[in-house]
Q: 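One structure coming up, written as structure tokens, with questions to follow.
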Amino acid sequence: MNGETAILGIETSCDETAAAVLTGGDTVLSSVVSSQVDLHARYGGVVPEIASRAHTGLITPVIAQALVEAGRRGPDLSAIAATYGPGLVGSLLVGVSAAKALALTWGVPFIGVNHLEGHLYAGLLEEPDLEFPLIVLLVSGGHTMLVEMQGHGRYRLIGQTVDDAAGEAFDKVARYLDLGYPGGPIIDELATQGDPTSITFPRPMLNDGYDFSFSGLKTAVITYVRSNPDVSAEDVAASFQAAVVDVLLTKAQRAAEEVGATAICLAGGVAANSELRERTLDLALTTGFRAYVPSRSMCTDNAAMIAAAAHWRMQSDGPSKLDLGANPGLRLPFVNA
Ligand code: KG4
Ligand code: ZN
């Protein structure tokens with residue numbers, strides 16, 4: 001594939017309506033993200049029906065803006081890629097249907113992309129000289145995984161959460177403390193004013209393999225706050241966040257050592273967390289690994305990462321069939337699963 005390939009990426013798996021144009025696999029010409037967070041905040045979480053209706057209204061202007069900002073015409077694109085899973089089925093359908101309709105209208109190939117594969121590509125998109133094998137710590141609202149990227153499209157699952165995802169734990173703790181939604185950024189901000197050593201919360205499964213468990217930690221926070229109603233929210237936020245980051249990074253470092261990885265790379269919405277970002281960079285100073293921490297806007301849901309994953313999928317698998325449907329439970333094709 002030559003450097004001139006231009007892929008329109010579309011992302012609508014949850015509550016962001018996003019479109020981006022990428023050339024050559026790593027040059028972002030435009031990346032538009034329209035967040036619905038204000039629509040869902042009053043309900044304390046994403047309401048699927050509201051999300052799909054909002055996507056329906058936003059998808060056309062968001063795609064149009066991405067094309068205009070990139071200075072590209074639809075018929076000149078090399079492909080149109082859309083997330084087809086995992087995610088909310090009604091939301092996924094909006095992006096997949098739009099992508100197929102435009103692909104037919106403009107006579108360009110359609111590519112269905114796995115949302116998680118998109119997250120895995122965030123680091124490589126911003127830093128194309130990263131070398132395999134890479135350890136990617138993928139931490140989002142719905143997933144927490146340690147993945148060995150052995151090559152393009154070749155992934156080995158090292159560990160994953162056995163219950164709540166890391167982002168889910170942030171959101172649930174924030175909801176319990178009545179802090180608002182989404183909880184991750186709010187706890188991140190509060191934690192800057194708190195003492196992370198003030199409360200010793202458990203580090204679940206710290207020395208026990210590569211899987212994670214955050215449900216018990218969330219319960220420990222809730223139990224502590226119930227017994228200590230006057231505790232400062234800042235100290236709770238900082239101590240909870242420190243426990244999550246300790247577990248994530250201890251396992252990521254161990255995995256990188258075992259695999260002989262060249263680098264540890266963060267991905268997913270929780271990778272926007274300040275403490276996780278800072279301590280990942282510190283890890284690079286104290287170990288032999290490189291650490292790559294993508295920009296915050298590349299960690300949270302966006303369509304540039306979807307177009308980047310599509311660039312490599314197009315090379316290995318070619319275009320998708322137009323009867324490919326939304327698949328809310330789609331999994332990554334791990335070599336060991
Ligand atoms: O990847 P993402 O945008 O959507 C999913 O695919 O899930 O991740 C959203 C998750 C939410 O749980 C949100 O609270 C969390 O990422 N998040 C954060 C931060 N920013 C977003 N968690 C901790 N600290 C942050 N700064
Ligand atoms: Zn995501």
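For clarity, every value in this text was computed on a predicted model and none was experimentally measured. First listed ligand is number 1; within each ligand, the first listed atom is number 1.
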Q: Please check if atom CZ in Arg331 has more than 12 non-hydrogen atoms from other residues, nucleotides or ligands closer than 6.0 Å.
A: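 Not more than 12 within 6.0 Å, no.
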Q: Does Arg53, at its CZ atom, have more than 12 non-hydrogen atoms belonging to other residues, nucleotides or ligands within less than 6.0 Å?
A: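 Check fails, neighbour count at 12 or below.
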Q: Starting from the Zn ion (ligand 2), look over the N/O/S atoms of Asp301 and name the nearest one.
A: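 Result: OD1.
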Q: Do Gln241 and Ser239 meet the criterion of a side-chain donor-acceptor pair at a distance under 3.5 Å?
A: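 No pair is found: no donor N or O on one side chain lies under 3.5 Å from an acceptor on the other.
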Q: Will you find, in the side chains of Ser31 and Asn302, an N or O donor that is under 3.5 Å from an N or O acceptor?
A: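 Absent: no donor and acceptor within the cut-off.
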Q: Would Tyr121 and His311 count as a ring pair (Phe, Tyr, Trp, His ring centres under 6.0 Å) here? Give the steps.
A: CA-CA 10 Å; Tyr121 270 91; His311 174 90; 9.0 Å; no
Q: I want to confirm something. Looking only at heavy atoms, which of Thr300, Leu116, Ile187, Asp188 is nearest to atom 26 (N) of ligand 1?
A: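 Nearest heavy atom to atom 26 (N) of ligand 1 lies in Asp188.
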Q: Do any N/O/S atoms of Cys14 come under 2.8 Å of the Zn ion (ligand 2)?
A: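 Under 2.8 Å: Cys14 has no N, O or S contact with the Zn ion (ligand 2).
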Q: Of the non-hydrogen atoms in Gly260 and Pro133, which two are nearest, and what is the gap between them?
A: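 For Gly260 and Pro133, the tightest heavy-atom pair comes out as O-CG, 3.9 Å.
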Q: Where does Glu16 meet ligand 1, judged by heavy-atom distances below 4.0 Å: at the side chain, the backbone, both, or neither?
A: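 For Glu16, there is no contact with ligand 1 at all, from either part.
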Q: Can you tell me if His119 has an N, O or S atom under 2.8 Å away from the Zn ion (ligand 2)?
A: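 Looking at His119, which is the residue asked about, there is an N, O or S atom under 2.8 Å from the Zn ion (ligand 2).
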Q: Are His115 and ligand 1 in contact, using a heavy-atom cut-off of under 4.0 Å?
A: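 A heavy atom of His115 does come that close to ligand 1.
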Q: Looking at atom 24 (N) of ligand 1, what's its closest protein heavy atom, distance included?
A: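 Nearest protein contact, heavy atoms only, for atom 24 (N) of ligand 1 is Asn273 ND2, 3.1 Å.
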Q: Give me the nearest non-hydrogen protein atom to atom 17 (N) of ligand 1 as residue plus atom name, then the distance to 0.1 Å.
A: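 For atom 17 (N) of ligand 1, the nearest protein heavy atom is Gly269 O, 3.5 Å.
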Q: Please list the nearest protein heavy atom to atom 22 (N) of ligand 1 with its residue and the distance rounded to 0.1 Å.
A: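 Result for atom 22 (N) of ligand 1: Gly184 CA, 3.3 Å.
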Q: Out of Gly141, Cys14, Ala165, who gets a non-hydrogen atom closest to atom 10 (C) of ligand 1?
A: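 Shortest heavy-atom distance from atom 10 (C) of ligand 1: Gly141.
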Q: I'd like to check Phe240 versus Leu217 (side-chain heavy atoms, cut-off strictly below 4.5 Å). Are they in contact?
A: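 When only atoms from C-beta onward are counted, Leu217 and Phe240 do touch, with a gap below 4.5 Å.
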Q: Before signing off on this row, confirm whether Phe170 and ligand 1 have an N or O atom pair separated by under 3.5 Å.
A: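 So ligand 1 has no N or O lying under 3.5 Å from an N or O of Phe170.
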Q: Got the closest protein heavy atom to atom 4 (O) of ligand 1, with its distance?
A: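 Nearest protein contact, heavy atoms only, for atom 4 (O) of ligand 1 is Asp301 OD2, 3.2 Å.
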Q: Would you check, one step at a time, whether the test salt bridge (charged side-chain N to carboxylate O under 4.0 Å, His left out) holds for Asp282 with Arg279?
A: CA-CA 5 Å; Asp282 288 349; Arg279 287 188 41 202; 6.0 Å; no
Q: Is the ring pair His119/His115 parallel, tilted or perpendicular, if the boundaries are 30 and 60 degrees?
A: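 The rings of His119 and His115 stand perpendicular, inter-plane angle above 60°.
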Q: Mark up the atoms of ligand 1 that fall under 4.0 Å of a heavy atom belonging to Gly167, in ascending order.
A: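 So the answer, numbered in order with elements, is 12 (O).
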Q: Going by heavy-atom distance to atom 15 (C) of ligand 1, choose the closest among Thr83, Val270, Asp15, Val245.
A: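 Considering heavy atoms of Thr83, Val270, Asp15, Val245, the nearest to atom 15 (C) of ligand 1 sits in Val270.
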Q: Using a strict 4.0 Å cut-off to heavy atoms of Gly142, name the atoms of ligand 1 that fall inside it.
A: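 So the atoms of ligand 1 that pass are 7 (O).
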Q: Give a yes-or-no answer on whether the side chains of Thr83 and Glu11 include a donor-acceptor pair shorter than 3.5 Å.
A: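 Thr83 vs Glu11: donor-acceptor pair found between side chains.
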Q: Are His119 and ligand 1 in contact, using a heavy-atom cut-off of under 4.0 Å?
A: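 In this structure, His119 qualifies as a contact of ligand 1 - some heavy atom is under 4.0 Å.
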Q: Do Arg254 and Tyr210 meet the cation-pi criteria used here (NZ or CZ under 6.0 Å from the six-membered ring centre, within 45° of the axis)?
A: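 Pair Arg254/Tyr210 counts as cation-pi.
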Q: Is there a nitrogen or oxygen of Gly268 sitting under 3.5 Å from a nitrogen or oxygen of ligand 1?
A: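 It does not: no N or O of Gly268 is found under 3.5 Å from an N or O of ligand 1.
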Q: Given that the side chain starts at C-beta and the backbone is N, CA, C, O, which of these parts of Asp171 lies under 4.0 Å from ligand 1, counting heavy atoms, or is it both or neither?
A: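 Only the side chain of Asp171 comes within reach of ligand 1.
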